Novice: 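Attaching a single structure in structure tokens format; questions to follow.
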Amino acid sequence: MRTLETLIGGKWVTTGAWIDVHDPADLRAPVARVPALSAADVTAAYDHAERGFALWRRTSPFERARIMTEAARLLRERVAETADDVVTEMGKTRAEATGETLKAADFLEYYAGLARQGYGTLVHDVRPATRTHHQREPLGVVLAITPWNDPLITPARKLAPCLAAGNAAVLKPATDTPQSALHLARALHDAGLPAGVLNVVTGRGADVSEALLGDPRLTAVTFTGSNEVGEALRAALAHTNVRFQGELGGKNATVVLADADLGAAAEAVAAGFAQAGQRCTATSRVIVERSVYAEFTALLLAETAALRVGPGLARGTTMGPLVSARQRDGVLLAVERAVEQGATLLAGGGRPADASLGHGCYVSPTVLGHVAPDLDIWREEVFGPVVALCAVDSFDEAVEAVNDSVFGLAAAVFTRDLGAALRFADLAECGQIAVNTTTSGWDVHHPFGGFRDSGSPFKEQGEEGLRFYTRVKTVAVHFGG
């Protein structure tokens, strides 16, 4: 078992208390341990962040860009080691973890490019001999709370625009998956990021949450995770001037119309089993026109049967374990409840029969048929390898089914009718719309975020992602006599 340090004030530190990190493919022994920081350690992190911000905000944007570009290079250079650690703490396949590492580098490079540009606009002024503009400035110290399902790319998605804009950051990675965030921190540190600009709080939420949220130097919180925690954070910050960004839950739907390429649709829906369904944009509801329901279902079951479940580092594995026993058991309970409520179990529904997988957090890829819209499995986020199917009789009924949800993150439609595709894009109440492709897979320059209970108004990624991390100042200069 490896012992890891965390980054506070530009130094790699340990404490007397530890958090064990387990491999969800085999829970019998921890693979690493990280420091379990205390509330006092959090206050020290904010002390360092305050000093780091005072320096970083005055650092040339070109120097910020240089450091971020170098960090991206280091991530790519260390891709094999980093990806293996993502696999062993989260359960992804090696291919998925490698892609995540490279995409994290893309985020750093993309925002390094934007750091070189000015943030602001020249505006006309009615007063003579007066030139007015507005400019964007950094906020200060930002708290980033990141999830276990994308333990490297989500910190990169948040830290890249945060740092590019000139802020300092306190990063709280998920307790289940802290190694990945430490790889990102080490790349930035080794690239020359000044002391205190990034501080990583590895600790249990019960021990550090009050100190993280209650520090008077905090200016913004960016969070990705469950609605329950997101709403608690929003409530805790409601009577403050601290800005909040939340990317929360989803119940993403794919619509398959009668004229669709059914094979392509089945393949795209089966892509929702990637990361064992633990992807915020993965399809979990499938709405199929009744005339092709049976044919599409057969194709989807064939795609599901072709998946190979196993450890993420094993050759040939196409779906790894869930992140923890807690997550596995919650998914199995949701499937059991769905069957009790009347859903038809078409595939999976339990743990794999292979005895060699018995010490891991595995759930067989699961397909549920004829799921009524009042079932819990249709309405509640499961966050596992579970897809629920229902049949509808028309395009309008399909759109109604998509929008019959408290969530609004992602939706897709499969059709050969351009008019239907464009109408769907207009009518679906979701932040991301896909036509004839998967509900997941957005690139670094594409604005990302959901509607309704799927998140806050602030988008992530692209130029939109910079808005959350900056404030606007208007400057008028009179230069006449």
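All values below come from the heavy atoms of this structure, side chains included, with hydrogens, waters and symmetry mates left out. Because the structure is a prediction, the values reported are computed rather than measured.
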Novice: Can you name the one residue among Glu81, Glu109, Glu70 that meets salt bridge (Lys or Arg N to Asp or Glu O under 4.0 Å) with Arg76?
Specialist: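 Going through the options one by one, the only one that passes is Glu109.
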
Novice: Check for a donor-acceptor pair, side chain of Thr317 on one end and backbone N or O of Pro311 on the other, with a separation under 3.5 Å.
Specialist: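 Yes, the answer is positive, given that a donor and an acceptor are paired below the 3.5 Å cut-off.
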
Novice: Can you list everything that forms a side chain to side chain donor-acceptor pair (under 3.5 Å) with Arg452? Sequence neighbours excluded, please.
Specialist: none

Novice: Can you sort out the partners of Asp443 under salt bridge (charged side-chain N to carboxylate O under 4.0 Å, His left out), two or more places apart, ordered by chain and number?
Specialist: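 Partners of Asp443 by the salt bridge (charged side-chain N to carboxylate O under 4.0 Å, His left out) criterion, ordered by chain and then number, come out as Lys103.
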
Novice: Using a 3.5 Å distance criterion without hydrogens, assess whether the side chain of Asn167 forms a donor-acceptor pair with backbone atoms of Leu139.
Specialist: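 Side chain of Asn167 to backbone of Leu139: a pair is present.
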
Novice: Can you check whether Ala253's main-chain N or O pairs, donor with acceptor, with Thr283's side chain at less than 3.5 Å?
Specialist: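 No: the side chain of Thr283 does not pair with the backbone of Ala253.
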
Novice: CG/Leu427 to CD/Glu429 distance, rounded to the nearest 0.5 angstrom?
Specialist: 8.5 Å

Novice: Below 4.5 Å, heavy atoms only, C-beta onward: do Phe407 and Asn227 meet side chain to side chain?
Specialist: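 SC-SC contact between Phe407 and Asn227 confirmed.
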
Novice: Scan for salt bridge (charged side-chain N to carboxylate O under 4.0 Å, His left out) pairs involving residues 432-441, sequence neighbours excluded, and state none if there are none.
Specialist: none

Novice: Not counting sequence neighbours, which residues clear side chain to side chain donor-acceptor pair (under 3.5 Å) with Thr415? List them please.
Specialist: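 Thr415 satisfies side chain to side chain donor-acceptor pair (under 3.5 Å) with Asp259 once adjacent residues are dropped.
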
Novice: Using distance alone, with no hydrogens and no angle criterion, decide if Thr82 and Thr101 have a side-chain donor and acceptor under 3.5 Å apart.
Specialist: no

Novice: Name all residues meeting the side chain to side chain donor-acceptor pair (under 3.5 Å) criterion together with Thr202; count only those two or more places apart in sequence or in a different chain, and write none if there are none.
Specialist: none

Novice: For Thr474 and His134, which I'm curious about, is there any donor-acceptor pair between the side chains at under 3.5 Å?
Specialist: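 Side-chain D/A pair, Thr474 to His134: absent.
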
Novice: Is there a donor-acceptor pair closer than 3.5 Å between any side-chain N or O of Lys251 and the backbone N or O of Glu380?
Specialist: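 The answer is yes, because a donor-acceptor pair under 3.5 Å joins these two groups.
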
Novice: Looking at Glu267, I'd like to know if its CD atom is crowded, meaning that more than 12 non-hydrogen atoms belonging to other residues, nucleotides or ligands lie closer than 6.0 Å.
Specialist: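 12 or below, so no.
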
Novice: Among pairs that include at least one residue of residues 455-477, which meet ring-ring contact (aromatic ring centres under 6.0 Å, His included), considering only residues two or more places apart or in two chains?
Specialist: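 Every pair satisfying ring-ring contact (aromatic ring centres under 6.0 Å, His included) with a residue in residues 455-477: Phe458-Phe468.
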
Novice: A side-chain contact here means heavy atoms from C-beta on lying under 4.5 Å apart; do Tyr362 and Arg328 qualify?
Specialist: no

Novice: Pairs in or reaching into residues 1-19: which pass salt bridge (charged side-chain N to carboxylate O under 4.0 Å, His left out), with residues at least two apart or in two chains?
Specialist: Arg2-Asp85

Novice: Have Ser180 and Glu89 got a donor and an acceptor in their side chains that come within less than 3.5 Å?
Specialist: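 The criterion, which ignores hydrogens and geometry beyond distance, is satisfied for Glu89 and Ser180.
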
Novice: Do Glu381 and Asp453 touch side chain to side chain, with heavy atoms closer than 4.5 Å?
Specialist: no

Novice: Got more than 12 heavy atoms from elsewhere within 6.0 Å of CG, Asn241?
Specialist: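 It does not: Asn241 CG has 12 such atoms or fewer within range.
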
Novice: Hey, does the side chain of Glu247 reach the backbone of Gly450 with a donor-acceptor pair shorter than 3.5 angstrom?
Specialist: no

Novice: Work out which heavy atom in Leu55 is nearest to a heavy atom in Thr59; give both atom names and the distance.
Specialist: O-OG1, 3.0 Å

Novice: Which heavy atom in Leu143 sits nearest to a heavy atom in Lys172, and how many Å separate them?
Specialist: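 In this case the closest contact between Leu143 and Lys172 is CD1-CB, 4.4 Å.
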
Novice: Under the ring-ring contact (aromatic ring centres under 6.0 Å, His included) definition, can you give me all pairs with a residue in residues 181-212, not counting sequence neighbours?
Specialist: Trp12-His189

Novice: Hey, is the main chain of Gly120 close enough, under 3.5 Å, to the side chain of Gln135 for a donor-acceptor pair?
Specialist: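 It does not hold such a pair.
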
Novice: Can you list everything that forms a side chain to side chain donor-acceptor pair (under 3.5 Å) with Thr3? Sequence neighbours excluded, please.
Specialist: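 Only Arg33 meet the side chain to side chain donor-acceptor pair (under 3.5 Å) criterion with Thr3.
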
Novice: Is a side-chain donor or acceptor of Thr437 paired with a backbone partner of Ala434 at a separation under 3.5 angstrom?
Specialist: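 Judged by distance alone, no pair lies under 3.5 Å.
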
Novice: Does CZ belonging to Arg116 count more than 12 external heavy atoms closer than 6.0 Å?
Specialist: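 Not more than 12 within 6.0 Å, no.
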
Novice: Grab the two heavy atoms, one from Cys430 and one from Ala411, that are nearest each other, plus how far apart they are.
Specialist: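 Residues Cys430 and Ala411, closest heavy atoms: SG-CB, 3.8 Å.
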
Novice: Quick one, Ile145 and Leu233 - any side-chain contact, counting heavy atoms below 4.5 Å?
Specialist: yes

Novice: Report yes if the side chains of Leu182 and Gln179 come closer than 4.5 Å at any heavy-atom pair, otherwise no.
Specialist: no

Novice: Can you tell me if Glu231 has over 12 outside heavy atoms packed within less than 6.0 Å of its CD?
Specialist: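 Yes, CD of Glu231 has more than 12 neighbouring heavy atoms, counting only those of other groups under 6.0 Å.
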
Novice: Between Gln245 (side chain) and Phe223 (backbone), is there a donor-acceptor pair under 3.5 Å?
Specialist: no

Novice: Output yes when a side-chain donor or acceptor of Asn252 lies under 3.5 Å from a complementary backbone atom of Cys280, and no otherwise.
Specialist: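 Yes.
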
Novice: Using the ring-ring contact (aromatic ring centres under 6.0 Å, His included) rule, collect all pairs that involve residues 138-176, keeping only residues at least two apart or in two chains.
Specialist: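 For residues 138-176: Trp148-Phe383.
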
Novice: Do the non-hydrogen side-chain atoms of Leu313 and Thr88 ever get within less than 4.5 Å of each other?
Specialist: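 Yes, at least one pair of side-chain atoms sits under 4.5 Å.
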
Novice: Can you tell me which residue among His22, Gln327, Arg326 is in a side chain to side chain donor-acceptor pair (under 3.5 Å) with Asp176?
Specialist: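 For Asp176, the side chain to side chain donor-acceptor pair (under 3.5 Å) test succeeds with only one of His22, Gln327, Arg326, which is Arg326.
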
Novice: Using the side chain to side chain contact (heavy atoms under 4.5 Å, CB included) definition, which of the options Thr6, Val208, Thr15 pairs with Asp41?
Specialist: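 For Asp41, the side chain to side chain contact (heavy atoms under 4.5 Å, CB included) test succeeds with only one of Thr6, Val208, Thr15, which is Thr15.
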
Novice: Quick one: which residue pairs count as a salt bridge (charged side-chain N to carboxylate O under 4.0 Å, His left out) with a foot in residues 138-160, not counting sequence neighbours?
Specialist: Lys92-Asp150, Lys158-Glu460

Novice: Do Val323 and Cys361 have side chains that approach each other closer than 4.5 Å (heavy atoms only, starting at C-beta)?
Specialist: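 They are not in contact (no side-chain heavy atoms under 4.5 Å apart), so the answer is no.
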
Novice: With a 3.5 Å distance limit and no angle check, can you tell me whether Thr219 reaches the backbone of Val141 through a side-chain donor-acceptor pair?
Specialist: yes

Novice: Under the ring-ring contact (aromatic ring centres under 6.0 Å, His included) rule, collect the residues that match up with Phe107, sequence neighbours excluded.
Specialist: none

Novice: Checking side-chain polar atoms at under 3.5 Å, does Asp125 have a donor or acceptor matched by the opposite partner on Thr132?
Specialist: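 Per modelled atom types, Asp125 and Thr132 side chains form a pair under 3.5 Å.
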
Novice: Quick one, Pro173 and Thr146 - any side-chain contact, counting heavy atoms below 4.5 Å?
Specialist: yes

